[in-house]
Amino acid sequence: MKKNNFYIVALIMIALISGSCKKYLDINQNPNAAEEPPINGLLANVTYSTAYNVYYLGNYTAYYDQYLASPNAGSALDTYDNVSSTASTAWGSIYDELTNLHDMRNIAFQKGLNAYVGVSDILLALHLNMSTNVWGDIPYSEAFQGVNNPTPAFDDQKLLYDSCITLLDAGIAALQQPDAAGELDKPSDFIHDGSAGAWIKTAHALKARMLNQVSKTSQYDAGKVVTEISGAYASNSDDAQVTIFQVRNPWAQVAINNAGLNLDGWLSSYFVEATNGVTYGVFDPRLPLITDTTRFGDYRGTPNGAGRVGSGTAMEESYIAVDKWYSSTNSPLQIITYAECLFIKAEAAFRNNDMATAYSAYIAGITASMNKLNVPANSIADYLAKPEVAVGAGNITLKLIMKEKYIACFLMPVTWDDMRRFDYSYKNFALPLNATLTSFIRRMDYPGTEISRNGSNVPDVPRTDHLWWDMP
């Protein structure tokens with residue numbers, strides 16, 4: 001459903017004015033705020049802001065994945081330096097929405113609104129899983145109590161993972177109740193237009209992602225991953241994403257900023273060489289849909305940590321360009337996609353020694369990604385026919401599956417989870433120049449805002465510390 005910008009602002013302002021965005025550590029209460037915000041305003045807020053929270057984390061992790069590189073030499077993000085101050089934006093926005101989701105779930109439960117309970121559970125799981133995958137232990141069980149507990153304890157990351165699985169199962173069960181169908185306010189749902197069935201598919205997709213995430217642990221079960229995928233997406237039209245914005249897609253703003261010489265969104269030499277034929281011997285037709293050629297008529301990335309080669313004004317290196325697929329005004333902010341699900345299926349089938357299914361899902365994942373980006377059919381066929389791609393079921397490898405998933409999940413934070421699961425063993429992937437660590441980064445620093453107000457509970461862990469599912 002098409003939603004105009006005025007309507008977006010109006011719906012979100014309802015939630016804001018109603019007092020639903022009280023941060024979990026705020027101790028002041030507005031006496032003029034409504035005690036119970038309208039639930040459709042909360043739905044608008046949480047579905048719209050969820051996509052932004054995926055963006056916020058993706059805009060940090062893209063440097064660890066080497067999708068992006070800083071145009072400035074020695075950038076903190078490029079070199080694994082302390083980023084506790086910049087991470088505060090993502091942390092604050094995520095906890096705003098966790099609070100809103102907590103409130104929406106409580107109101108929905110009291111009113112017997114199963115669909116709203118289900119959506120709350122699913123988005124709580126998404127936010128918690130994204131956050132704990134970046135930071136490790138985070139506040140949850142003691143959070144959202146305001147003045148009653150301004151310094152909540154940090155929950156164990158493994159228990160948080162288990163809680164997320166439980167939330168997804170509960171969300172599916174709530175949305176399967178007979179009264180859930182048609183209950184969601186369609187214009188207020190910026191992800192799935194009020195469809196309970198679509199939310200159930202997203203819950204299965206997220207659960208498959210999470211079950212696949214633990215591939216380095218003894219609890220990994222490839223069969224369960226494939227089972228969850230069977231209940232997830234069937235086409236690109238099922239994808240969880242937001243496509244209408246108050247002004248524009250934030251990646252579009254990055255591109256506009258860069259065009260105005262506020263340098264940002266430069267492509268890493270690793271990503272460019274993974275798609276322009278240097279690393280894998282085949283040119284990817286998605287690359288021209290992301291960036292423009294340089295003044296030399298080719299595609300050139302920026303090495304992480306090295307900074308730009310020139311002034312930044314002469315298009316000597318490639319960056320996210322204006323009006324490309326990811327950076328147009330209404331380009332989708334993706335949360336989880338059909339293409340990602342296919343690559344999850346390919347990996348799980350491979351680990352289950354079902355090479356025919358693994359290869360079929362691998363080819364289908366490439367096709368879904370290219371179709372979504374509107375790559376011409378003849379270009380898709382040409383790419384799939386390349387011997388470097390069309391290896392056959394007998395020669396499919398995990399590295400090839402993950403290489404294609406890396407490209408299909410461009411700018412999404414889930415790629416950093418994959419990088420760590422695979423110990424960064426992607427072809428030609430190397431530490432950034434001038435790295436402040438002697439090994440690859442494994443977690444982000446806790447944000448400065450949290451350290452300043454809840455420092456006694458913030459864990460003291462190095463950036464090289466492995467999360468529970470990433471143990472060697």
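Being a predicted model, the structure only gives us computed values, none of them experimental.
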Practice task
Take Trp469 and Asn133 through the side-chain hydrogen bond (donor to acceptor under 3.5 Å, both in side chains) test and state the conclusion after the steps.
Solution key: CA-CA 9 Å; Trp469 49 265; Asn133 287 352; 3.2 Å; yes
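- Counting only residues at least two apart or on different chains, the side chain to side chain donor-acceptor pair (under 3.5 Å) pairs with a member in residues 167-180 are Asn114-Asp179, Asp169-Lys207.
- Taken from CG in Asp156 to OH in Tyr161, the straight-line distance is 13.5 Å, to the nearest 0.5 Å.
- For the pair Asp470 (side chain) and His466 (backbone), a donor-acceptor distance under 3.5 Å is absent.
- In this structure a side-chain-to-backbone donor-acceptor pair under 3.5 Å is missing from Ser188 to Leu184.
- Shown here are the side-chain hydrogen bond (donor to acceptor under 3.5 Å, both in side chains) partners of Ser75, two or more places apart in sequence or in another chain: there are none.
- The CG atom of Leu167 sits 11.0 Å away from atom CG of Leu126, with the distance rounded to the nearest 0.5 Å.
- For the residue pair Asn100/Asn45, the side-chain donor-acceptor check at 3.5 Å is satisfied.
- Taken from CG in Leu123 to OG1 in Thr50, the straight-line distance is 4.5 Å, to the nearest 0.5 Å.
- Atom CG of Asp323 is separated from atom CG of Asp292 by 10.0 Å, given to the nearest 0.5 angstrom.
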Practice task
Decide yes or no on side-chain hydrogen bond (donor to acceptor under 3.5 Å, both in side chains) for Asn304 and Ser268, but give the supporting numbers first.
Solution key: CA-CA 6 Å; Asn304 288 80; Ser268 168; 2.7 Å; yes
Practice task
Walk me through it: do Leu289 and Asn374 pass the test side chain to side chain contact (heavy atoms under 4.5 Å, CB included)?
Solution key: CA-CA 9 Å; Leu289 302 175; Asn374 299 314; 5.7 Å; no
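- Counting only distance, with no hydrogens or angles, the side chain of Thr47 and the backbone of Asp189 share no donor-acceptor pair below 3.5 Å.
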Exercise for the section: Might you work through the salt bridge (Lys or Arg N to Asp or Glu O under 4.0 Å) test for Asp423 and Arg420, ending with a clear yes or no? Expected result: CA-CA 5 Å; Asp423 295 313; Arg420 289 172 288 171; over 6 Å; no
Exercise for the section: Determine, step by step, whether Lys158 and Asp162 satisfy the salt bridge (Lys or Arg N to Asp or Glu O under 4.0 Å) criterion, reporting the C-alpha distance in whole Å, the side-chain angles of both residues, the deciding distance to 0.1 Å, and the verdict. Expected result: CA-CA 6 Å; Lys158 172 61 168 66; Asp162 294 339; 3.0 Å; yes
Exercise for the section: With side chain to side chain contact (heavy atoms under 4.5 Å, CB included) as the test, would you mind laying out the steps for Thr291 and Tyr326 before giving the verdict? Expected result: CA-CA 9 Å; Thr291 188; Tyr326 289 93; over 6 Å; no
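- A salt bridge links Glu347 and Arg351; the closest N-O separation between the charged side-chain nitrogens and carboxylate oxygens is under 4.0 Å.
- Between the side chains of Trp266 and Asn258, at least one donor N or O lies within less than 3.5 Å of an accepting N or O.
- The side-chain hydrogen bond (donor to acceptor under 3.5 Å, both in side chains) test applied to Ser120 returns no partner, not counting sequence neighbours.
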Output a table of donor-acceptor pairs, distance under 3.5 Å, between side-chain atoms of residues 399-406 and any protein atom two or more places apart or on a different chain; print 'none' if there are none.
from, atom 1, to, atom 2, distance (Å)
Lys403, NZ, Tyr383, OH, 3.0
Glu404, OE1, Arg286, NH2, 3.1
Glu404, OE2, Tyr383, OH, 2.6
Lys405, NZ, Asp418, OD1, 3.4
Lys405, NZ, Asp418, OD2, 3.0
Tyr406, OH, Asp65, O, 3.0
Tyr406, OH, Gln66, O, 3.2

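- Remark: Asp382 engages no residue in a salt bridge (charged side-chain N to carboxylate O under 4.0 Å, His left out) (not counting sequence neighbours).
- Using bins of under 30°, 30° to 60° and over 60° for the plane-to-plane angle, the ring pair Tyr424/Phe440 lands in the parallel bin.
- Ring planes of Tyr48 and Tyr52: tilted class, angle from 30 to 60°.
- Between the side chains of Tyr280 and Thr275, not a single donor N or O lies within less than 3.5 Å of an accepting N or O.
- The salt bridge (charged side-chain N to carboxylate O under 4.0 Å, His left out) test applied to Lys386 returns no partner, not counting sequence neighbours.
- Residue Asp239 holds its CG atom at 8.0 Å from SG of Cys341, rounded to the nearest 0.5 Å.
- Put simply, CG on Asp417 and OG1 on Thr61 are 8.0 Å apart, with the number rounded to the nearest 0.5 Å.
- Side-chain polar atoms of Ser163 and Tyr140 form no donor-acceptor pair below 3.5 angstrom.
- The two residues Leu287 and Val272 make their nearest non-hydrogen contact at CD2-O, 4.4 Å.
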